[in-house]
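Everything below concerns the one structure shown next.
As the structure is a computational prediction, the values presented were derived from the model and not from experiment. Every chain is numbered from 1, with letters handed out A, B, ... down the list of sequences. Basis for what follows: all heavy atoms, side chains included, without hydrogens, waters or symmetry-related copies.
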Amino acid sequence: MPAPAQVTLPSDREVRVTRQFNTPRQLVYDAHTKPELIRKWLGYAEWDMPVCEMDVRVGGKYRWQWKNKESGKQFGFFGPFTEVDAPARLAHDQYFDPGDIGGSMPSGDPCEVSLDLTEHNGVTTLVSNMKFASKEARDGAVATGMTDGMEFSYTRLDEMASAAA
Amino acid sequence: MPATHLDATFAALADPTRRAILARLAEGEASVMELAEPFAMSQPAISKHLKVLERAGLISIGQDAQRRPRTLEAAPLDEAMAWIEKHREIWERNYQRLDALLDELKAVRPKSAAKKKRRKG
């Protein structure tokens with residue numbers, strides 16, 4: 001079992017998540033770039049992911065959309081890729097599409113998201129950095145209804161994770 | 001959770017002197033003079049830092065009118081920790097699912113990158 005994810009706040013506008021995987025980085029990269037794989041892990045229990053488009057090249061666009069299984073409410077993220085260096089680095093601008101869930105995350109300015117993968121002895125270290133347009137946007141991103149909506153489903157997620165393991 | 005509280009808390013914590021002051025107050029209340037002692041700083045400079053901490057709700061001023069001791073208030077710190085923890089949990093849950101998926105992928109494509117004889121524990 002890998003060590004749990006670590007979260008740090010490198011600056012007022014940033015959130016950085018670090019996590020290790022006992023897997024070669026090409027597979028970790030694939031899991032972040034191939035829609036059929038992304039759908040299997042990125043998201044939240046109680047939410048389907050009807051839209052997952054990935055045009056992985058600089059200037060290419062991605063679009064993710066989740067739909068609540070019960071209420072049918074939707075939200076998502078989209079934006080262009082700004083750096084692609086497989087399997088080491090991927091960066092994109094992330095715009096929030098509040099759909100019909102609302103939330104306090106500003107949808108105007110993008111969040112700059114980067115993913116860095118390094119591999120050592122078969123262990124891949126992932127560093128995901130999110131640089132928000134402002135401090136308020138960063139704090140809003142976590143305080144928003146989206147994350148609140150995810151909390152109630154934590155128990156479900158645990159069950160799924162243990163069933164999948 | 002009101003984002004403005006968090007802004008004040010994180011801004012207050014961004015300074016090493018203020019973190020040192022909080023660390024000192026974690027051991028017990030102290031007057032401004034006692035707090036200024038370990039730092040190569042004037043009392044007004046320390047007072048400035050104390051004001052920032054006070055505005056963020058991280059410290060309060062005790063009853064003693066003479067000493068006006070500062071006391072650590074843990075609630076905003078707990079809130080800041082909770083904020084980080086919430087974020088961490090969201091990602092950890094995603095990554096646990098990713099772990100399971102990667103295990104599946106490795107089983108399908110065995111030895112894709114690992115043909116090393118030596119293993120490091």
Side-chain angles (χ1 to χ4, degrees), chain A residues 1-2 4-9 11-12 15 17-28 30-32 37-45 104 119-124 126 128 130 135-144 146-148 150-151 153-154 157-158 160-165, chain B residues 1-16 18-19 22 52 55-58 76-121:
Chain A
M1 187 79 179
Q6 289 187 314
V7 172
T8 56
L9 307 174
S11 78
D12 275 357
V15 179
V17 184
T18 306
R19 177 68 147 70
Q20 294 194 319
F21 297 91
N22 297 324
T23 311
R25 73 173 171 176
Q26 182 65 53
L27 283 185
V28 180
D30 287 351
H32 280 83
L37 298 180
I38 293 171
R39 278 200 167 97
K40 289 186 177 166
W41 69 272
L42 184 64
Y44 329 97
S104 51
E119 183 183 331
H120 188 66
N121 289 333
V123 176
T124 298
L126 171 156
S128 174
M130 282 151 276
K135 201 163 57 168
E136 292 72 26
R138 181 194 69 180
D139 295 342
V142 169
T144 195
M146 177 191 80
T147 50
D148 290 339
M150 284 188 297
E151 273 191 312
S153 56
Y154 276 177
L157 256 171
D158 276 338
M160 281 177 59
S162 50
Chain B
M1 191 185 302
T4 45
H5 283 194
L6 281 170
D7 288 350
T9 307
F10 284 130
L13 293 174
D15 181 272
R18 291 198 285 273
R19 288 199 298 271
L22 291 177
V52 176
R55 268 201 302 269
L58 286 161
L77 280 176
D78 291 346
E79 200 174 272
M81 287 304 295
W83 187 93
I84 293 173
E85 180 56 20
K86 195 165 155 186
H87 204 95
R88 198 193 67 75
E89 278 176 22
I90 290 162
W91 280 100
E92 181 55 27
R93 275 159 218 281
N94 269 297
Y95 289 144
Q96 281 180 13
R97 292 205 290 195
L98 179 53
D99 280 333
L101 172 64
L102 292 171
D103 283 346
E104 272 177 45
L105 293 176
K106 275 193 287 188
V108 176
R109 283 190 272 174
K111 300 199 172 114
S112 57
K115 281 205 167 174
K116 288 165 192 161
K117 282 180 184 172
R118 281 186 303 125
R119 266 196 192 175
K120 276 196 173 175

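How far CG of B:Leu105 is from CD of A:Gln26: 11.5 Å, rounded to the nearest 0.5 Å.
In this structure B:Asp15 satisfies the side-chain contact (heavy atoms from CB on, under 4.5 Å) test together with B:Thr17, B:Arg18, B:His49, sequence neighbours excluded. The side chain to side chain donor-acceptor pair (under 3.5 Å) test applied to A:Thr18 returns no partner, not counting sequence neighbours.
Heavy-atom distances place no part of A:Ile38 under 4.5 Å from chain B, backbone and side chain included. The parts of B:Leu98 that come within reach of chain A are both its backbone and its side chain, each placing non-hydrogen atoms under 4.5 angstrom from that chain. For chain B, the nearby part of A:Ser128 is the side chain; its heavy atoms alone come within less than 4.5 Å. At a 4.5 Å heavy-atom cutoff, the contact between B:Phe10 and chain A is made by side-chain atoms alone. Using a 4.5 Å cut-off between heavy atoms, A:Val28 contacts chain B through both its backbone and its side chain.
At distances below 3.5 Å, at least one donor-acceptor pair connects side-chain atoms of B:Arg19 with backbone N or O atoms of B:Leu13. Although no hydrogens or angles enter the test, the distance criterion places no donor-acceptor pair under 3.5 Å between the side chain of B:Glu92 and the main chain of A:Pro4.
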